[in-house]
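Everything on this sheet refers to the single structure shown next.
These figures come from a predicted structure and were not determined experimentally.
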Amino acid sequence: MALPYLEAVLCFMILMYIFETYLDIRQHRALKLPTLPKPLLGVISDEKFERSRAYSLDKSYFHFVHEAVTILMDTTILYYRVLPWFWKKSGELVTNVGLNAENEIIHTLAFLAGAMVWSQITDLPFSLYSTFVIEARHGFNKQTIWLFIRDMIKGILLSMILGPPIVAAIIYIVQIGGPYLAIYLWGFMFVLALLMMTIYPIVIAPLFNKFTPLPEGVLREKIEKLAASLKFPLKKLFVVDGSTRSSHSNAYMYGFFKNKRIVLYDTLIQQCSNEDEIVSVIAHELGHWKLNHTVYSFVAVQLLMFLQFGGYTLVRNSKDLFESFGFEDQPIIIGLIIFQHTIIPIQHLLSFCLNLVSRAFEFQADAFAKNLGYAPQLRAALVKLQEENLSAMNTDPWYSAYHYSHPPLVERLQALEDSDSKKED
């Protein structure tokens with residue numbers, strides 16, 4: 001008799017949904033508060049606060065519906081053994097088109113192709129509503145429906161190009177891995193991560209956005225001067241046309257070793273008319289680099305990945321586990337899917353821990369920018385970006401501690417003020 005793995009997984013999923021819904025309710029109540037938190041009184045305009053409140057509440061209502069539909073679909077698929085049925089049907093399809101269903105790679109690709117179609121169909125209504133109703137209602141969406149469809153098609157084509165060789169490699173590694181399977185899988189994913197970090201900004205991202213060099217001028221001079229003062233090996237400085245899709249703003253860095261690049265969203269430049277405010281944001285990002293936050297985060301993710309692969313090697317040949325989910329055989333891709341479901345509680349705990357680390361890194365990067373003399377500019381930039389992005393002004397402490405990888409604005413401003421007070425003392 002198979003052990004009740006499926007029932008345990010369903011129980012975990014439902015319990016996590018209940019817990020996270022409780023946090024969502026707490027956050028929803030915070031969003032409904034009619035006044036700004038005290039530290040933001042006189043800092044954020046009433047007009048921006050009301051717009052932010054309306055935007056956050058709209059997203060919150062949408063989130064409740066999306067999560068309810070998602071848990072309903074996921075539990076239904078598992079409880080009614082849809083996965084084994086779909087695996088069987090994908091094998092029949094492979095046979096009907098004249099291919100060999102006994103070839104696990106071919107069978108798996110057919111299964112994943114069907115899963116991708118299902119995912120696109122079920123996610124599309126939510127994506128459309130989020131983009132063309134909520135984001136448009138609050139002035140953020142800049143996409144046309146044709147640009148949305150074009151991006152979706154590009155994403156599907158990329159999946160069709162990149163997916164098969166990656167899936168085939170994983171299956172082959174599991175087939176020949178033996179006692180060193182966890183090491184081989186981790187090594188492959190490590191190399192793949194480095195490869196994707198290299199080709200994504202150079203090959204993939206330009207398929208969706210236009211990257212142009214930041215024009216000569218005061219802003220470019222100040223960023224280059226700051227980078228040089230920190231010995232940051234800046235090779236290229238780009239502006240990306242984020243405004244073609246959204247009016248949300250951002251900035252980021254990428255590149256290995258002595259070949260670093262900085263990318264500014266055009267919306268960031270538009271929203272921060274003062275060059276020093278933009279430079280303060282870059283100073284914050286350079287703080288992450290100088291303090292090795294990216295390296296630490298990458299190492300942590302790799303360690304967690306290795307531990308997951310180690311766990312997978314322990315259960316991949318468990319006949320009871322597969323039988324509990326309705327499978328008579330033990331397909332590799334199904335084993336990976338089932339394993340991801342069985343470690344749901346651990347995944348949520350690890351995600352929470354990573355968020356704690358990320359929040360600590362954000363405070364450190366803010367302090368780094370402040371120590372460079374950008375405290376007033378960074379405060380102004382944080383407030384302006386909070387206003388322009390209509391980010392939530394009131395946040396529930398439990399919700400933000402569990403979900404946020406970045407501290408709320410109130411906490412960041414308070415940390416900057418506290419560090420000022422300590423210096424004065």
Side-chain angles (χ1 to χ4, degrees), residues 36-37 39-45 47-49 51-52 55-56 139-140 214-215 217-227 229-230 232 234 237-243 246-253 261-291 293 358-395 400 404-421 423:
L36 280 162
L40 297 184
L41 289 173
V43 177
I44 302 291
S45 69
E47 185 266 336
K48 288 291 185 181
F49 171 63
R51 288 183 58 196
S52 164
Y55 177 52
S56 297
F140 288 116
L214 180 66
V218 176
L219 177 58
R220 185 181 185 94
E221 291 174 4
K222 289 186 174 182
I223 293 175
E224 290 177 339
K225 181 179 179 181
L226 174 63
S229 70
L230 298 172
F232 179 76
L234 178 62
L237 187 52
F238 291 115
V239 178
V240 61
D241 62 338
S243 60
S246 172
S247 57
H248 289 296
S249 53
N250 203 354
Y252 63 92
M253 300 179 302
R261 296 165 171 81
I262 294 177
V263 177
L264 305 175
Y265 277 57
D266 57 354
T267 47
L268 177 66
I269 297 174
Q270 295 163 9
Q271 293 168 5
C272 295
S273 55
N274 185 329
E275 290 89 355
D276 286 336
E277 291 177 3
I278 301 173
V279 176
S280 73
V281 175
I282 301 303
H284 169 95
E285 296 300 327
L286 289 174
H288 287 306
W289 168 77
K290 194 71 173 179
L291 298 170
H293 291 165
S358 175
R359 287 157 68 95
F361 285 171
E362 291 302 315
F363 284 126
Q364 291 173 11
D366 283 350
F368 182 87
K370 177 189 174 301
N371 290 335
L372 292 176
Y374 289 101
Q377 297 88 344
L378 183 58
R379 288 194 195 95
L382 290 174
V383 169
K384 191 167 293 184
L385 293 177
Q386 183 89 359
E387 286 186 322
E388 295 299 326
N389 289 295
L390 299 183
S391 301
M393 307 295 177
N394 289 298
T395 57
S400 63
Y404 285 6
S405 61
H406 286 53
L409 176 64
V410 171
E411 295 181 22
R412 295 180 72 175
L413 295 180
Q414 186 64 53
L416 288 170
E417 290 174 5
D418 287 346
S419 59
D420 279 341
S421 300
K423 281 202 167 185

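Separating the CZ atom in F361 from the CZ atom in F368 is a distance of 14.5 Å, to the nearest 0.5 Å. Note that CD1 of I269 is 10.0 Å distant from CD of E275, once rounded to the nearest 0.5 Å. Rounding to the nearest 0.5 Å gives a distance of 6.5 Å between CG of L264 and CG of L219. K370 NZ to F363 CZ: the interatomic distance, rounded to the nearest 0.5 Å, is 14.5 Å. Atom CD in Q271 sits 9.5 Å away from atom CG in D266 (nearest 0.5 Å). Atom CZ of R261 and atom CG of L237 lie 11.5 Å apart (nearest 0.5 Å).
Looking at Y374 and V279, their side chains come closer than 4.5 Å, going by heavy atoms from C-beta outward. A heavy-atom distance below 4.5 Å is found between the side chains of L230 and L372. Within the 4.5 Å cutoff, side-chain heavy atoms of L286 are placed close to those of M253. Side-chain contact between L268 and V239 is absent, with no heavy atoms from C-beta onward closer than 4.5 Å. Contact check for F49 versus N394: side-chain heavy atoms found under the 4.5 Å cut-off. For the pair L413/V383, a side-chain contact is recorded, criterion being any heavy-atom separation below 4.5 Å from C-beta on. At a threshold of 4.5 Å between non-hydrogen side-chain atoms, the residues K48 and E388 count as touching. For the pair I262/L214, no side-chain contact is recorded, criterion being any heavy-atom separation below 4.5 Å from C-beta on.
The two residues M393 and I44 make their nearest non-hydrogen contact at CE-CG2, 3.8 Å. When all heavy atoms are compared, the tightest approach of S400 to P408 is CB-CG, 4.0 Å. Shown here for S229 and L226, the closest heavy-atom pair between the two residues is OG-O, 2.6 Å. Pairing each heavy atom of S56 with each of S391, the nearest pair is OG-C, 4.3 Å. When all heavy atoms of N389 and F140 are compared, the pair lying nearest together is O-CZ, 3.4 Å. The two residues A392 and Y404 come nearest to each other via the heavy atoms CB-OH, 4.4 Å.
Counted by atom type alone, H284 and E362 present one or more donor-acceptor pairs between their side chains at under 3.5 Å. In the model, H288 has no side-chain atom that pairs as donor or acceptor with a side-chain atom of Q364 under 3.5 Å.
The residues R51 and E47 are annotated as salt-bridged, a charged nitrogen and a carboxylate oxygen being separated by less than 4.0 angstrom.
Partners of R220 according to the salt bridge (charged side-chain N to carboxylate O under 4.0 Å, His left out) rule, which considers only residues two or more places apart in sequence or in another chain, are E216, E224. Shown here are the side-chain hydrogen bond (donor to acceptor under 3.5 Å, both in side chains) partners of Q270, two or more places apart in sequence or in another chain: there are none. Residues passing the side-chain hydrogen bond (donor to acceptor under 3.5 Å, both in side chains) test with S358, sequence neighbours excluded: none. For R359, the salt bridge (charged side-chain N to carboxylate O under 4.0 Å, His left out) partners two or more places apart in sequence, or in a different chain, are E411. Scored by the salt bridge (charged side-chain N to carboxylate O under 4.0 Å, His left out) test, K222 finds D276 as partners (sequence neighbours excluded). Listed by chain and number, the residues in a salt bridge (charged side-chain N to carboxylate O under 4.0 Å, His left out) with E277 are K384 (sequence neighbours excluded).
Not one N or O on the side chain of E285 forms a donor-acceptor pair closer than 3.5 Å with the backbone of S280.
Classification of the F232-W289 ring pair by plane angle, with boundaries at 30° and 60°, yields perpendicular.
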